[in-house]
Amino acid sequence: MTYSSARQPEPERRSTWARGAEHPSGGPGSSAASSAANDSNVVPITAAHTVRQEASRRADTSLPSPEVPAKGKKSTPTAGKVRADALRLLGCVRIATARQMAQITAEDRDGRSYVRRAMNELAELGLAETNGKDGKHQIWNLTVAGQKALADGNELPPRPKAGTGAKAVKAGFGPHGVAVTDTILAYTDTVLAGGREYLTDWQVEVNHAIKEIGLSFNTDAVLTVPTNTSEVRLFELDNGTMSQARLAKEVWDYERYAGHRVWEGARGTNGRTFPFWQRHRYTRSQTFPRLHVVLAGKEEHLLDNRRQALTADVKGIAIAVWVNTLPRLQHGEPWYEIGVDDPYRRRERYPDPVGR
């Protein structure tokens, strides 16, 4: 399939990230959070308060409150709140730059300087650190003490085995993590900007595994955007570091995951089979979650070449796959649909397991 012939998907129902929008109470929750508690941190992120700004007014985790400024001296108006917001955000995404944190938490054009000041204060308190850069931007992550402070604030679900992200940054994977965060920011600022759907959870590095067939892979990001048929959307980012063959294999792994079925029934009965993902992972979804592949890290014309190659490599795949480049996504340009969800074709490709 060439660039011009790639079918563009129908416009999806859109949600919101715009400041001031209200999150509906009592909305559907995500089983992704409960079924993958050991996969990643989860924090509700809504349009009105991406890092739970309202909650931060009531609980500022365990951070010290800012001292009252001396008469006549100007200080950050909400220093404690900025620190708490940054702490919660890093607890969710593990690594981020001041630019990204300001994009989410800042309320005015001076927000980036406020965030930098807050991060320096967190570093002095031993709660955050920087171990590398993405271009000229320092990449921040929590320390073990920072994770404990966040856990003491009871803002995020406990995750005892969660890493701080420091090793990933030191190993040179910081730019990939930063690009994942940029992808989610771009998606919520463009696609989810119409007010009819809401981002309620954001998870990174989510493991999907089926031991019976030896399948295991990590999804770069899982966004919970409840709809009538699906509760989450899956994101894979290639920051220009994967080979074409490896990228295609990762996409096909999602079809293997979607196609695996499990047998249920009492011993001696016929029983019946169910999709593994629907029975044990995304239990509120009627259709397998759509996979979004985002290409970044290279010049635009090279990214378009990779998109065309991926389109050819996954031709005939039986899950919904959309692809875009990060620059196009940031400009609000449409996605390319290169795979269509087809549970009947998956049923033919992946035979039912033998009953007991």
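- When the options Leu291, Thr311, Asp313, Val251 are evaluated for a side-chain contact (heavy atoms from CB on, under 4.5 Å) with Ile338, the one that passes is Thr311.
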Checklist entry - Hey, mind stepping through Val294 and Trp335 against side-chain contact (heavy atoms from CB on, under 4.5 Å) and telling me if it holds? => result CA-CA 10 Å; Val294 180; Trp335 293 76; 3.7 Å; yes

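- Side-chain N or O atoms of Asn324 include none that pairs as donor or acceptor with a backbone N or O of Tyr336 at under 3.5 Å.
- For the atom pair Asn131 CG and Ile95 CD1, the distance stands at 10.0 Å (nearest 0.5 Å).
- Closest of all the heavy-atom pairs between Arg281 and Val206 is NH2-CG1, 3.0 Å.
- Under the 6.0 Å cut-off for aromatic ring centres, Tyr282 and Phe288 do not qualify, their centroids lying 6.0 Å or more apart.
- Under the 4.0 Å criterion applied to side-chain N and carboxylate O atoms, Glu250 and Arg246 are assigned as salt-bridge partners.
- Listed for the His331 side chain is a donor-acceptor partner under 3.5 Å among the backbone atoms of Pro327.
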Checklist entry - Does the side-chain contact (heavy atoms from CB on, under 4.5 Å) test come out yes or no for Arg347 and Thr273, once each step is laid out? => result CA-CA 11 Å; Arg347 192 76 180 266; Thr273 62; 3.6 Å; yes

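- The NE2 atom of His292 sits 12.5 Å away from atom OG1 of Thr219, with the distance rounded to the nearest 0.5 Å.
- Applying the ring-ring contact (aromatic ring centres under 6.0 Å, His included) test to pairs two or more places apart or on separate chains, none has a residue in residues 78-97.
- In this structure, the ring of His280 has its center no less than 6.0 angstrom from the ring center of Phe274.
- No continuous path of hydrophobic side-chain contacts links Tyr350 to Leu215 [ILVMFWY only; heavy atoms under 4.5 Å].
- A distance-only check finds no donor-acceptor pair linking the side chain of Ser230 to the backbone of Pro226 [under 3.5 Å].
- Not counting sequence neighbours, the partners of Ala209 by the side chain to side chain contact (heavy atoms under 4.5 Å, CB included) test are Asn207, Ser216.
- In this structure, CZ on Arg345 lies 9.5 Å from CD1 on Ile317, to the nearest 0.5 angstrom.
- The minimum heavy-atom distance linking Ala128 with Trp140 is given by the pair CB-CE3, 4.2 Å.
- Between the side chains of Thr325 and Glu300, at least one donor N or O sits under 3.5 Å from an acceptor N or O.
- Residues Leu234 and Tyr254 have side chains in contact (heavy-atom distance under 4.5 Å, counting atoms from C-beta outward).
- Tracing side-chain contacts under 4.5 Å through hydrophobic residues (I, L, V, M, F, W, Y), one reaches Trp252 starting from Phe217; they form part of the same cluster.
- For the pair Leu302 and Lys298, the tightest heavy-atom approach, listed with the atom from each and the gap, is CB-CB, 4.1 Å.
- Residues Arg349 and Gly316 come closest through the heavy atom pair NH2-O, 2.7 Å.
- Annotation: the span from Asp342 atom CG to Ile319 atom CD1 amounts to 11.5 Å, rounded to 0.5 Å.
- Between the side chains of Asp189 and Gln330, no donor N or O sits under 3.5 Å from an acceptor N or O.
- Two residues are said to be in side-chain contact when any heavy atoms from C-beta on lie closer than 4.5 Å; Glu337 and Val321 fail this criterion.
- Side-chain contact between Ile139 and Val178 is present, with at least one heavy-atom pair separated by less than 4.5 Å.
- The shortest distance between side-chain heavy atoms of Arg99 and Gln103 falls below 4.5 Å.
- Under the 4.0 Å criterion applied to side-chain N and carboxylate O atoms, Arg290 and Asp341 are not assigned as salt-bridge partners.
- Here the straight-line distance linking atom OG1 of Thr130 with atom CG of Leu122 works out to 12.5 Å at 0.5 Å rounding.
- Checked by atom type, the side-chain pair Gln286/Thr229 shows no donor-acceptor distance below 3.5 Å.
- Judged by distance alone, the side chains of Asp182 and Gln100 do bring a donor and an acceptor atom under 3.5 Å apart.
- Across all their heavy atoms, Leu237 and Ala179 have their closest contact at CD2-CB, 3.4 Å.
- Leu127 CG to Glu121 CD: the interatomic distance, rounded to the nearest 0.5 Å, is 11.0 Å.
- Using a 30° and 60° split on the angle between ring planes, His208 and Tyr257 fall in the perpendicular class, above 60°.
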Next on the checklist: Would Glu129 and Asn141 count as a side-chain contact (heavy atoms from CB on, under 4.5 Å) here? Give the steps.
Outcome noted: CA-CA 6 Å; Glu129 62 183 0; Asn141 62 268; 3.3 Å; yes

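- Annotation: side chain of Pro334 is in contact with side chain of Arg328 (closest heavy-atom distance under 4.5 Å).
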Next on the checklist: Run Leu185 and Thr183 through side-chain contact (heavy atoms from CB on, under 4.5 Å) and show every step you take.
Outcome noted: CA-CA 5 Å; Leu185 294 179; Thr183 295; over 6 Å; no

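- Val293 places a side-chain heavy atom less than 4.5 Å from the side chain of Leu310.
- More than 12 heavy-atom neighbours from other residues, nucleotides or ligands sit within 6.0 angstrom of CD on Glu212.
- Taking 4.5 Å as the limit, every side-chain heavy atom of Val262 sits out of range of all side-chain heavy atoms of Gln278.
- When side chains are defined from C-beta on, Arg117 does not count as touching Asn120, because their heavy atoms never get closer than 4.5 Å.
- Proximity of a side-chain donor or acceptor of Asp304 to a complementary backbone N or O of Arg307 within less than 3.5 Å is not detected.
- Ala318 approaches Arg346 most closely through the heavy-atom pair O-NH1, 2.8 Å.
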